[in-house]
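Along the sequence shown, residues are numbered consecutively beginning with 1. All ligand and atom numbering here is 1-based and tracks the order in the structure.
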Amino acid sequence: MKLLQDKIINEGKVLSNQVLKVDSFLNHQIDAFLMKEVGKEFAARFENEGITKIVTIESSGIAPSVMAALELNVPVVFARKRKSLTVTDQLLTASVYSFTKQEENTIAVSNQHLTSSDRVLVIDDFLANGQAALGLAEIVEQAGASLAGIGIVIEKSFQEGGKMLRERGLRVESLARIKSLENNEVQFLEETEAAV
Ligand code: 5GP
């Protein structure tokens with residue numbers, strides 16, 4: 001997605017060979033126009049999948065998810081990272097090792113909002129080692145719902161997550177795929193290079 005790639009080039013800050021900071025449009029300040037376009041792109045890619053719900057994780061997955069949800073006319077459920085749900089809820093949970101915080105978190109969704117009749121699109125902001133996406137996929141499975149695929153705003157394809165998820169047979173659609181952050185420079189994986 002050209003608009004997103006341009007934004008990453010112009011405003012992304014390479015913090016290390018592994019980490020890209022995009023606080024000016026995705027992780028702190030949100031570029032609502034860009035998110036609207038991101039939402040349209042996710043919706044176009046999954047429009048024939050009969051999606052009934054988008055599942056994401058707080059907090060940075062929420063903006064792109066809401067935009068895609070408006071296009072697909074479905075609700076968004078975001079997994080919570082802390083046990084902030086009331087104890088009366090029956091929780092679907094997964095354990096996720098956070099790439100950025102380097103700590104294990106339990107993520108949880110109430111079974112009130114995800115059921116076996118749902119067809120789910122999982123969305124997240126970044127894909128690194130795939131732990132967040134896998135945790136969300138586990139929650140979808142616990143609910144007995146079916147998973148249509150995973151939409152990612154920015155995939156770092158030099159890390160293992162994309163390969164791992166695709167090898168499990170999951171459909172992963174990433175709107176920008178970064179092949180390297182070396183030498184303080186963002187290099188994108190072109191469509192023709194994307195073997196998987
Ligand atoms: P994973 O679970 O795939 O290892 O990591 C994905 C999660 O870690 C995302 O939800 C995102 O919050 C965070 N993350 C991973 N890599 C980056 C990065 O390079 N920059 C930012 N801002 N967040 C990242």
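Listed for the Ser174 side chain is no donor-acceptor partner under 3.5 Å among the backbone atoms of Ile154. One N or O on the side chain of Lys156 and one on the backbone of Gln18 form a donor-acceptor pair closer than 3.5 Å. A donor-acceptor pair under 3.5 Å links the side-chain atoms of Lys53 to the main chain of His113, judged by distance alone. The closest donor-acceptor contact from the side chain of Arg80 to the backbone of Glu58 lies at 3.5 Å or more, if one exists at all. Panel note: side chain Asn105, backbone Ile107; no donor-acceptor pair is recorded below 3.5 Å.
Checking only distances, Tyr97 never comes within under 3.5 Å of ligand 1, N or O to N or O. Residue Ala128 has at least one nitrogen or oxygen atom sitting less than 3.5 Å from a nitrogen or oxygen atom of ligand 1, judged on distance alone. Polar contact check, Lys21 against ligand 1: no nitrogen or oxygen pair lies under 3.5 Å apart.
In this structure, Val22 does not count as a contact residue of ligand 1, since none of its heavy atoms falls inside 4.0 Å of the ligand.
Residue Gly130 holds the heavy atom nearest to atom 3 (O) of ligand 1 of all those in Gly161, Ala133, Gly130, Gly135. In the candidate list Met164, Lys156, Gln18, Lys156 is nearest to atom 17 (C) of ligand 1, counting heavy atoms.
For ligand 1, the atoms lying closer than 4.0 Å to a non-hydrogen atom of Leu20 are 18 (C), 19 (O), 20 (N), 21 (C), 22 (N).
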Working for side-chain hydrogen bond (donor to acceptor under 3.5 Å, both in side chains), residues Thr52 and Arg119: CA-CA 5 Å; Thr52 64; Arg119 176 100 173 128; over 6 Å; no

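From the protein, the heavy atom lying nearest to atom 4 (O) of ligand 1 is Asn129 N, 2.8 Å. For atom 11 (C) of ligand 1, the nearest non-hydrogen atom of the protein is Asp125 OD1, 3.4 Å. Closest protein heavy atom to atom 22 (N) of ligand 1: Asn27 OD1, 2.9 Å. Atom 2 (O) of ligand 1 has as its closest protein heavy atom Ala132 N, 2.8 Å. Among all non-hydrogen protein atoms, the one lying nearest atom 8 (O) of ligand 1 is Phe99 CB, 3.9 Å. Among all non-hydrogen protein atoms, the one lying nearest atom 7 (C) of ligand 1 is Phe126 O, 4.2 Å.
Heavy atoms of other residues, nucleotides or ligands lying less than 6.0 angstrom from CD of Glu141 number 12 at most.
The two residues Val76 and Ser65 make their nearest non-hydrogen contact at CG2-O, 3.6 Å.
Counting heavy atoms from C-beta outward, Ile123 and Ile150 have side chains that stay 4.5 Å or more apart.
Under 4.0 angstrom from ligand 1, the non-hydrogen atoms of Asp124 all belong to its side chain.
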